[in-house]
There are 2 protein chains.
Amino acid sequence: MTEAMSRVTREHYHHGALRQAMIAAAEAVLAERGLGGFTLRECARRAGVSPAAPAHHFGNLTGLLTTIATLGFDDLSDAMEAAVASAQAQGRSRLAAIARAYVETALGNPGRFRVVFGQREMDRQDAAFRAAATRSFGILVREVRLSRGLQPSRLPDEKPAAQAPAPDLPEVLLAWSAVHGFSTLLIDGALDFLTAEEGRQAFLDKHAARLFALLASALSAGQGLAKEAARD
Amino acid sequence: MTEAMSRVTREHYHHGALRQAMIAAAEAVLAERGLGGFTLRECARRAGVSPAAPAHHFGNLTGLLTTIATLGFDDLSDAMEAAVASAQAQGRSRLAAIARAYVETALGNPGRFRVVFGQREMDRQDAAFRAAATRSFGILVREVRLSRGLQPSRLPDEKPAAQAPAPDLPEVLLAWSAVHGFSTLLIDGALDFLTAEEGRQAFLDKHAARLFALLASALSAGQGLAKEAARD
DNA sequence: CCCGGTATCTTAACGACGTCAAGATTATTT
DNA sequence: AAATAATCTTGACGTCGTTAAGATACCGGG
């Protein structure tokens, strides 16, 4: 049924590094076409492989997206850590630097950012993904506590997600929500009617810093100010 | 080729109210299956019509989604206005009520909420959609200004989007970003590792009010008008 | 060395999707 | 009443994710 295979096909019958090639192709597709134009077949095409080949490495589309989401979360963590280090060295606000890094990561590759936050079906229970998510959240918790003048954590490397953030949870939630919401509103075009005139980058340069400063002041403002309204 | 049409088909050849039926079907599909399970063919199936029929009323899938997004934005505005009125009558915080209404709208039908914010290709330039979006934004601007003890607007019904919010823009952006980010993090499951233990609703009852109170205090902090924040 | 088992990849096909062209049917206008 | 427009169906096209069956390459134990 297949005696006449093309020479090039036979020579490359085994790709050899398909998993890495698929990941690279997926990131390229997300960067070029966004999540809407993302397709398993297109990724396979770019990797020079049949549409069924990726199944051996990722199971199905969900598996590939879970992998991409994990890598994206790691990059988000790296970007935040780098921003913190750079801000520390320059004596600027660590929290504002984190916020800017978060927004820039989202704007830099909206498709990838959307994959990270599950706009397309993926496995959020995946162990590697959960680890990556926990790391990001830990960075946020640490920085929020630091910005409030508290100890970051007893031990620097204990699991920061499940245990510590109880007392500062509202502050952490506000910080994450604000930064994440601002990012998603931007990449979804919900703020276009505000940014269209001056351009998105100019808008960011003009207003983002004030927004982040307002957020930072909110986090350090009231130690117990929020409590009496808990009933509402 | 078509002499033998089924009797029921011939009698209902013209649906009569397909546009409304498609909208109803679309909302039902979004509520049941979410945005991931949303399909033009499935909506047509529920409306009792062939897959090609909706094209005459919506052009294509993008047109249908734009319509749904417009209705969803209107519902969001209605929910916010109702929450404000109710909070006013009971002497509670208007801003917290808006925030809660926003989150509840998102959690009540995540698929629809995602359509509103363009997770699937739609026409954001559509006039009706822009009007609905502007209305929502206007409500938010008004309430943020009110919460800061300022006049809501010179004239109550002039276009509030393009002109007014310049001075309070950072506060408005923080409010919208925080509430929107909190909503999307919740419906995307990014907070599941926090909500899994006690359940999502219990988590909301416990922490959402504190989060919103923190936000409200942040908005009034800048000008030093702590009147409302002190009460709520 | 080679030989069998296993991992990897291709081919071919399936059903579902959005969309379009062509035709049938009903509503509206003239 | 005839012509025109609006509405809906049929059938088809190309693309998608996935699967089963078969082909090919790698690899460790005789």
Side-chain angles (χ1 to χ4, degrees), chain A residues 1-23 25-26 29-30 33-68 111 115 119-123, chain B residues 1-23 25-26 29-30 33-68 111 115 119-123:
Chain A
M1 176 184 292
T2 168
E3 312 84 19
M5 229 171 189
S6 81
R7 195 174 141 277
V8 49
T9 297
R10 178 161 32 223
E11 283 177 4
H12 302 84
Y13 198 108
H14 274 44
H15 184 286
L18 180 53
R19 184 181 172 85
Q20 280 313 116
M22 279 295 296
I23 291 172
V29 172
L30 285 172
R33 306 222 219 281
L35 184 52
F38 180 83
T39 275
L40 181 65
R41 286 182 111 105
E42 172 65 17
C43 296
R45 237 172 268 134
R46 297 200 184 199
V49 113
S50 85
H56 296 270
H57 297 273
F58 301 98
N60 52 20
L61 178 59
T62 297
L64 174 59
L65 287 174
T66 303
T67 300
I68 300 295
V115 170
Q119 244 74 41
R120 202 102 143 225
E121 197 161 42
M122 53 160 292
D123 179 16
Chain B
M1 177 184 294
T2 168
E3 312 83 20
M5 230 172 187
S6 82
R7 196 173 142 275
V8 49
T9 296
R10 176 160 34 222
E11 282 178 3
H12 302 85
Y13 198 108
H14 274 42
H15 184 287
L18 180 54
R19 184 181 173 86
Q20 279 313 115
M22 280 294 296
I23 291 173
V29 171
L30 285 172
R33 304 222 220 281
L35 183 52
F38 180 83
T39 273
L40 180 66
R41 285 180 112 106
E42 172 66 16
C43 296
R45 236 172 270 134
R46 298 199 183 199
V49 115
S50 85
H56 295 270
H57 298 273
F58 301 98
N60 52 17
L61 178 58
T62 297
L64 174 58
L65 287 174
T66 302
T67 300
I68 300 296
V115 170
Q119 245 75 39
R120 203 105 144 222
E121 199 162 45
M122 52 159 295
D123 179 16

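Everything numeric in this text was worked out from a predicted model, so none of it was measured. So that the names make sense, note that chain A is the first sequence line, chain B the second, and so on, each numbered from 1.
Regarding Arg33(B), its CZ atom lies at a distance of 14 Å from the C1' atom of dC17(C), rounded to whole Å. In this structure, Arg45(A) places its CZ atom 14 Å from P of dT10(C), rounding to the nearest Å. Whole-Å rounding puts the Leu40(A) CG to dT19(D) C1' distance at 13 Å. Rounded to a whole Å, the CG atom of Leu64(B) is 14 Å from the P atom of dC17(C). In this entry the distance linking CZ of Phe58(B) with C1' of dA6(D) reads 16 Å, nearest Å. The distance from atom CG of Asn60(A) to atom P of dC16(D) is 17 Å, rounded to the nearest whole Å. Protein atom CE of Met22(A) is 13 Å distant from nucleotide atom C1' of dC9(C), rounded to whole Å.
Closest to the side chain of His14(A), from the set dC17(C), dG17(D), dT8(C), is dT8(C). When distances are taken from the side chain of Ala53(B) to each of dT9(D), dC9(C), dT19(C), the shortest belongs to dT9(D). For Thr39(A), taking side-chain heavy atoms from C-beta onward, the closest of the listed nucleotides dT19(C), dA7(C), dG17(D) is dG17(D). Each of dT9(D), dG17(D), dT10(C) was ranked by its minimum atom distance to the side chain of Ala52(A); first place goes to dT10(C). Nearest nucleotide to the side chain of His57(A), out of dC16(D), dC9(C), dT19(C): dC9(C). With dT19(C), dT10(C), dT10(D) as the candidates, the nucleotide lying closest to the side chain of Leu61(B) is dT19(C).
With DNA chain C read from its 5' end, the first of the two nearest nucleotides for Leu18(A) and Phe38(B) is the one closest to Leu18(A).
Between the Arg120(B) side chain and the Leu65(B) main chain, no donor and acceptor come within less than 3.5 Å of each other.
Taking only side-chain nitrogens and oxygens, His56(B) never comes nearer than 4.0 Å to OP1 or OP2 of dT9(D).
If you check every strand for non-hydrogen atoms under 4.0 Å, Arg19(B) touches nothing.
Residue Val29(B) comes nearest to Cys43(B) through the heavy atom pair CG2-SG, 4.2 Å, listed as atom of the first residue, atom of the second, then distance. Ala47(B) and Met22(B) get closest at one heavy-atom pair: CB-SD, 4.1 Å. Counting all heavy atoms, side chain and backbone alike, Val49(A) lies closest to Pro54(A) at CG1-CD, 4.2 Å. What you find for Ala26(A) and Ile68(A) is that their closest heavy atoms are CB-CD1, 3.7 Å.
To the nearest 0.5 Å, atoms CG (Leu64(A)) and CZ (Arg19(A)) are separated by 9.0 Å.
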Output one line per pair: protein atom, nucleotide atom from nucleotides 12-14 of chain D, and distance, for all N/O pairs under 3.5 Å.
none

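Qualifying salt bridge (charged side-chain N to carboxylate O under 4.0 Å, His left out) partners for Arg45(B), counting only residues two or more places apart in sequence or in other chains: Glu42(B).
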